[in-house]
Engineer: 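Here it is, the structure, as structure tokens.
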Amino acid sequence: MSQDSSSYQELHKPSGSFETRDDYLNHELQILSPKRWRPNIPLKDYRIEWEDFIPGMAATIGKIVMVAAVVGAFAAPLDLSPEFVIENVRFELLIAAVLFVVLISGFLNPTANLAGTHGPLLPLVPLMVASGGHPMALGLLIGVFGFLLGITKGGSLLARLTSNGVCGGLLLYLGFIGITGQVKKLFAWAEGFDMGYVAFVVLVATIIMYAWLEHIKKRWLAIPLGAVMAAVLALALGAPFEFSTTPGIPNLNPAYWWGEHTGWQLGLPDWSNFVAVLPFAVLAVAMWSPDFLGQQVFQKLSYPKNSEKAYMNIDDTMIAASTRQAVGSALGGGNIASSWGTYIIPASIARRPIPGGAIITGVLCVIAAIWGYPMDLAIWPPVLCVALIVGVFLPLMEAGMQMTREGKTTQSAALVVISSVLVNPVFGWSFTMLLDNLGIVGCKDRALDLGKAGRWLIPGITFIVLCTVMALIGMFPGVPAIMDTFRV
């Protein structure tokens, strides 16, 4: 039973009445009583604290980078200019901030995480375009499939069927791959102007800083301190940087973005465009469950006891993300939506609930989109790579290690990692979940308690559907795509 709207006000105490700041933040999480799909008012139902700027800053940096990557992946095979990419990114920032981040996560449903960007689908974008895919068709289908999965509570069902070992292995894999990718990216940038030592110095300093923050139990400061430190060190060592994105407001007219000679220069999609992107839309939504689960688990590991009401609701997050996807695509945006990982992970470390930081994130996204200059700093490799390493990928690895310390979880975790390396994280998650729930690996007692549906029916159907989709579009290494359309 939910507490009434006045309970938060009655239970709230000023921070000065607690011995430490951590005690105050823990208390705030424990007394939170958010209302689903009803107004939640700042000061009445939650508070905005200065710690909320940590996930807000990380989320804004991550959003600029990820949307630029997705829109750029669409734009490159369509021969659209870099100026188009920047304009669409600014448009997407405004769509996300004004229509969804503040309105849904900050006001209507504080248990729905912010709707962010679907990074794992990024490598498939060129294949989508080459096979006749259309950004609007993809977005609308993802919106429909995601909404159906969320409204039927399918996302939370799959999350419940995923054991600690499977989830921990997934977090370990994603964390390690993410760190490796950012380290390579930073060295490639520095070696581009024959100053590879800049990347080395920045990364060593980042490791020392992170260890120090861990020692003094101030790890939530890693993103702002790491970003500032990386920028100062890189500039002091002579790394090049300049501001190039000037202030302005992007075109807000959907007719411009979906014109035949303006914006995307594609016009509106026809039925063949929807057919071309159908497998990708199914795969995109299938990727949500393990992704969302990993983020929720990170909250559970970071928050104190009795703070369950502050956890993100997986199904509500799917509904919010799918709605944001459909609306954003219809308006002209090129984003592919998912749960906002660069927000929720830093928010968990800072021990903050979703709504306060959502307001801050919305404001920062609007400032970045209109002012322009912060976008240049956010995507500068030293700032970007360090922020993602200390704010997202290192915490993911730590959470994965925590989840695989007990029982027989290491067996499942190892299989997730090797299966993900073989194909991708979706295959690794679905394959190992099936083996784990059957009792072939992991805890056999847990498998016996799941019943027939949880043991093999639902995991089996999930695995078969995902493997069919991946086979159709050619995602199995060394195996050609079944459909000729995707053999490019």
Engineer: Give a yes-or-no answer on whether the side chains of T117 and K63 include a donor-acceptor pair shorter than 3.5 Å.
Structural biologist: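 Per modelled atom types, T117 and K63 side chains form a pair under 3.5 Å.
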Engineer: Assess whether atom CZ of F53 is packed by more than 12 heavy atoms of other residues, nucleotides or ligands within 6.0 Å.
Structural biologist: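 For F53, atom CZ is not crowded (no more than 12 foreign heavy atoms under 6.0 Å).
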Engineer: When the side chains of residues 164-173 are checked against the rest of the protein, which donor-acceptor pairs come out under 3.5 Å, sequence neighbours left out?
Structural biologist:
none

Engineer: Just jot down the side-chain contact (heavy atoms from CB on, under 4.5 Å) partners of W271, sequence neighbours excluded, or say none.
Structural biologist: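 Listed in chain order: V275.
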Engineer: Is the ring pair H12/Y24 parallel, tilted or perpendicular, if the boundaries are 30 and 60 degrees?
Structural biologist: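 Answer is perpendicular, since the angle exceeds 60°.
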Engineer: Rounded to the nearest 0.5 Å, what's the gap from CD1 on I344 to CD on Q299? Could you check?
Structural biologist: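 Going from CD1 on I344 over to CD on Q299, the span is 4.0 Å.
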Engineer: Show every salt bridge (charged side-chain N to carboxylate O under 4.0 Å, His left out) that has at least one partner inside residues 47-56, sequence neighbours left out.
Structural biologist: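 Counting only pairs at least two positions apart or across chains, the salt bridge (charged side-chain N to carboxylate O under 4.0 Å, His left out) contacts touching residues 47-56 are R21-E49, R21-E51, D52-R352.
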Engineer: By side-chain hydrogen bond (donor to acceptor under 3.5 Å, both in side chains), which residues pair with N273, not counting sequence neighbours?
Structural biologist: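 With sequence neighbours excluded, N273 shows a side-chain hydrogen bond (donor to acceptor under 3.5 Å, both in side chains) to no residue whatsoever.
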Engineer: Give the intermediate values and the outcome of side chain to side chain donor-acceptor pair (under 3.5 Å) for residues S339 and N113.
Structural biologist: CA-CA 6 Å; S339 181; N113 187 32; 2.7 Å; yes
Engineer: Only counting residues at least two apart or in another chain, list the ones meeting salt bridge (Lys or Arg N to Asp or Glu O under 4.0 Å) with E28.
Structural biologist: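 In terms of salt bridge (Lys or Arg N to Asp or Glu O under 4.0 Å), with neighbours along the sequence ignored, E28 is linked to no residue.
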Engineer: For N313, enumerate each residue passing the side-chain hydrogen bond (donor to acceptor under 3.5 Å, both in side chains) test, keeping only those at least two apart in sequence or located in another chain.
Structural biologist: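 Partners of N313 under the side-chain hydrogen bond (donor to acceptor under 3.5 Å, both in side chains) test: none.
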Engineer: Table please: side-chain donor-acceptor pairs of residues 138-162 below 3.5 Å, with sequence neighbours left out.
Structural biologist:
unit_1: T152; atom_1: OG1; unit_2: L148; atom_2: O; d: 2.7
unit_1: T152; atom_1: OG1; unit_2: L149; atom_2: O; d: 3.3
unit_1: S156; atom_1: OG; unit_2: K153; atom_2: O; d: 3.1
unit_1: S156; atom_1: OG; unit_2: D315; atom_2: OD2; d: 2.6
unit_1: T162; atom_1: OG1; unit_2: L158; atom_2: O; d: 2.9
unit_1: T162; atom_1: OG1; unit_2: W429; atom_2: NE1; d: 3.1

Engineer: Table please: side-chain donor-acceptor pairs of residues 452-478 below 3.5 Å, with sequence neighbours left out.
Structural biologist:
unit_1: R455; atom_1: NH2; unit_2: L438; atom_2: O; d: 3.1
unit_1: T462; atom_1: OG1; unit_2: I458; atom_2: O; d: 2.8
unit_1: T468; atom_1: OG1; unit_2: I464; atom_2: O; d: 2.7

Engineer: Can you list the residues that meet the ring-ring contact (aromatic ring centres under 6.0 Å, His included) rule with F292, with sequence neighbours excluded?
Structural biologist: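 Counting only residues at least two positions away or on another chain, F292 forms a ring-ring contact (aromatic ring centres under 6.0 Å, His included) with W288.
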Engineer: Between the side chains of D291 and S338, is a donor N or O closer than 3.5 angstrom to an acceptor N or O?
Structural biologist: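 There is such a pair (donor and acceptor under 3.5 Å, judged by atom type) between the side chains of D291 and S338.
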Engineer: Once ring pair (Phe, Tyr, Trp, His ring centres under 6.0 Å) is applied, what residue pairs with a partner in residues 124-143 remain, sequence neighbours excluded?
Structural biologist: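 As it turns out, the ring pair (Phe, Tyr, Trp, His ring centres under 6.0 Å) pairs with a partner in residues 124-143, which skip direct neighbours, are H134-W258.
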Engineer: Please list, chain by chain and in numerical order, all residues satisfying salt bridge (Lys or Arg N to Asp or Glu O under 4.0 Å) with R446, sequence neighbours excluded.
Structural biologist: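 Only D436 meet the salt bridge (Lys or Arg N to Asp or Glu O under 4.0 Å) criterion with R446.
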Engineer: For N40, give me all partners under side-chain hydrogen bond (donor to acceptor under 3.5 Å, both in side chains), at least two apart in sequence or on another chain.
Structural biologist: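 side-chain hydrogen bond (donor to acceptor under 3.5 Å, both in side chains) check on N40 returns nothing, list empty.
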